[in-house]
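Residues take their numbers from the sequence shown, with the count starting at 1. Predicted model only: the values in this text are computed from it and were never measured.
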Amino acid sequence: MTHTIGIDIGTFESKGVLVDGAGAIVATATRPHRMLVPRPGWAEHRADEDWWGDFVHITRALLSESRVDPKDIACVAASAIGPCMLPVDAEGAPLMNGVLYGVDTRAAAEIDHLTATIGAERIMETCGNALTSQSVGPKILWLKNHHPDLYARTAKVLTSTSYITWKLTGEYVIDHYTAANFSPLYDVNALAWSDALAPDILPLERLPRLMWSTDIAGHVTAQAAAETGLREGTPVTCGTIDAAAEAVSVGVQRPGEMMMMYGSTIFIIQVTSDPVRDARLWYAPWLWPGMHASMAGLATSGTLTHWFRDQFARDTSFGELAAEAAASPKGAKGLLCLPYFSGERTPIHDPLAKGAFFGLDLTHTRGDMFRAVLEGIASGTAHVLDTYRELDAFPHRILAVGGGTKNAVWMQATSDIGGAGQIVCEKTVGASYGDAFLAATAVGKAMPEEIVEWNPVARTVRPESVPAYARQYPLFKRLYTQTRDIAHDLGGA
């Protein structure tokens, strides 16, 4: 058994890789799906069709393309978007669509209630995080408040990865890194579930069993083998959130190393030797005991570029749009874009923030607007990097990954405005490749430090001094502050 499989379920697409014992990619497969937005502020997936359906499709495609005998698969690891909230019944059947991570802001009232009732300082001390749209606890309370019938039938509350692992093994498990997002139900000091802060949200026995990401959760069942084509009895890891697996894929493993993921959202993870706890950021134990993670994320990034293309350039490729943006001067001729089209996560944690273009005149072109979108996302990212600077926790090494690394305008703007270089590795497959590596480490086929051999550095993006950005970035931050009340009034309309 010399091969491993890694599969990642993303916001709009799932990806999988089958790799050999040296980390070479033998086969790849992808499958698209939709993010459902049934009403403003909501974001959902269908657990069986989008999560498990994609996993089954991709596994069969990998085995078919590679012609690798399922008996030669040493281990399987999955990751997925998260943290999500999926209630299932006593048979493990979903009771509703999966409620997605921080882009879903439906539980704003529950966040405010819990914060006021428990106290922000006490929440931070116990959970290491403020309650935000990224927190699962308030979404469970939303379920209890708004759908008491479904809540009464809930046997377990899972996240996306937990559901896949259950379908594969029959075990309800979750890794500590993901569980830290279930605030206020997880105590980061005890590394355990706790109802001390909020005893009325959910009985703790309805939460999955805690494990570390590379622990073996179980083995492929006969039913799962029949559906996926995997060999019955194949080991399956506990799994993790996609961003963590993506960080692993590019070699983020030592304190001071940061991953910047250019995907549907920008997501940032920095490994630290000690906890970095600040209400503007997120905290979690890292994938292995004794290490920590400091995280941040924007609410829209790739989703905003998709929106722009769908609304203004439906018959135009992203490559053509990128070329138009490249032809626009840096600073987009004075045009600013607030990228808060789904509210915003870190560092402002404002679900009612609104997107905006400011400074438009009749000389602006579509290319200027698309450049402004990319520079707006880059400015939101720079705002996060400034937060790390203020905490004296700025990384010494940033590794970029994800589809957005192919967009030179976006990458360079992020380095220029954020004042930070970025390293791009040879393989930019992403989380699924990290999953395959985690699977290999779980069964002793690789050591954590070997990832730098699996995926060496390919290029570096260095920051440049741009007068237009030096002038416009402070205006970007002022624009949000000065229009916040208007955005909130619109949100209540």
Side-chain angles (χ1 to χ4, degrees), residues 6-16 30-37 41-55 57-58 77-87 94 96-107 132-136 139 157-167 174-175 177-182 208 213 238-249 259 261-269 282 284 287 293 295-304 306 342-343 345-346 401-404 429-435 438:
I7 295 177
D8 174 65
I9 310 300
T11 304
F12 294 106
E13 183 180 64
S14 299
K15 301 178 183 178
T30 61
R31 193 189 199 200
H33 54 248
R34 295 183 300 126
M35 181 178 76
L36 305 177
V37 184
W42 291 26
E44 300 177 352
H45 276 167
R46 302 165 301 171
D48 277 326
E49 294 90 338
D50 300 326
W51 297 347
W52 180 241
D54 281 14
F55 188 94
H57 173 89
I58 288 173
S79 63
I81 45 138
C84 300
M85 192 276 290
L86 176 72
M96 61 181 288
N97 286 338
V99 177
L100 300 197
Y101 51 100
V103 296
D104 186 291
T105 60
R106 71 182 69 192
T132 70
S133 63
Q134 191 80 348
S135 308
V136 176
K139 292 175 182 178
V157 173
L158 307 178
T159 188
S160 45
T161 314
S162 298
Y163 187 69
I164 293 168
T165 307
W166 176 78
K167 293 288 284 187
I174 190 171
D175 67 312
Y177 176 84
T178 307
N181 294 281
F182 273 59
S213 303
C238 178
T240 191
I241 291 177
D242 56 356
E246 195 127 17
V248 169
S249 78
M259 177 214 60
M261 181 177 75
Y262 291 77
S264 302
T265 67
I266 290 285
F267 199 86
I268 289 170
I269 299 175
W282 299 309
L287 305 186
M295 297 155 294
L298 308 189
T300 53
S301 299
T303 49
L304 182 51
H306 276 272
S342 295
R345 299 192 288 173
T346 60
V401 68
V429 175
S432 58
Y433 190 71
D435 291 324
L438 289 170

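Rounding to the nearest 0.5 angstrom, the gap separating the NE2 atom in His45 from the OG atom in Ser160 is 9.0 Å. Here the straight-line distance linking atom OG of Ser135 with atom CH2 of Trp282 works out to 9.0 Å at 0.5 Å rounding. Considering CH2 of Trp42 and CG of Leu100, their distance stands at 12.5 Å, rounded to 0.5 Å. A distance of 7.0 Å separates CG in Leu298 from CD1 in Ile268, rounded to the nearest 0.5 Å. Taking NZ from Lys139 and OG1 from Thr105, the interatomic distance works out to 8.0 Å, rounded to the nearest 0.5 Å.
A heavy-atom distance below 4.5 Å is not found between the side chains of Trp166 and Pro208. Residues Val136 and Thr159 have side chains not in contact (no heavy-atom distance under 4.5 Å, counting atoms from C-beta outward). In this structure, the side chains of Phe267 and Asp242 stay at 4.5 Å or more apart for every pair of heavy atoms. The side-chain heavy atoms of Ile241 and Asn181, taken from C-beta on, include a pair separated by under 4.5 Å. Here the side chains of Ser249 and Val401 are in contact, with some heavy-atom distance below 4.5 Å. Counting heavy atoms from C-beta on, the side chains of Ile9 and Tyr163 never come closer than 4.5 Å.
Shortest non-hydrogen contact noted between Arg345 and Gly297 is CB-O, 3.1 Å. In this structure, Lys15 and Ser432 approach most closely via the heavy-atom pair O-CB, 3.5 Å.
Residues passing the salt bridge (charged side-chain N to carboxylate O under 4.0 Å, His left out) test with Arg106, sequence neighbours excluded: Glu44, Asp104. With sequence neighbours excluded, the residues forming a side-chain contact (heavy atoms from CB on, under 4.5 Å) with Ser213 are Asp175, Thr240, Leu287, listed by chain and number. Residues satisfying the salt bridge (charged side-chain N to carboxylate O under 4.0 Å, His left out) test with Arg46, not counting sequence neighbours, are Asp50. Listed by chain and residue number, nothing satisfies the ring-ring contact (aromatic ring centres under 6.0 Å, His included) test with Tyr101 (two or more places apart in sequence, or in another chain). Ser301 meets the side chain to side chain donor-acceptor pair (under 3.5 Å) test with no other residue; sequence neighbours excluded. Applying the ring-ring contact (aromatic ring centres under 6.0 Å, His included) rule to His57 yields no partners; only residues at least two apart in sequence or on another chain are considered.
Using a distance-only test at 3.5 Å, with no hydrogens or angles considered, no donor-acceptor pair links the side chain of Ser133 to the main chain of Val103.
Side-chain contact check for Tyr433 and Asp8: no donor-acceptor pair (N or O, by modelled atom type) lies under 3.5 Å.
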When you look at Lys167 and Asp48, which way does the side chain to side chain contact (heavy atoms under 4.5 Å, CB included) test go after all the steps? CA-CA 10 Å; Lys167 293 288 284 187; Asp48 277 326; 3.9 Å; yes
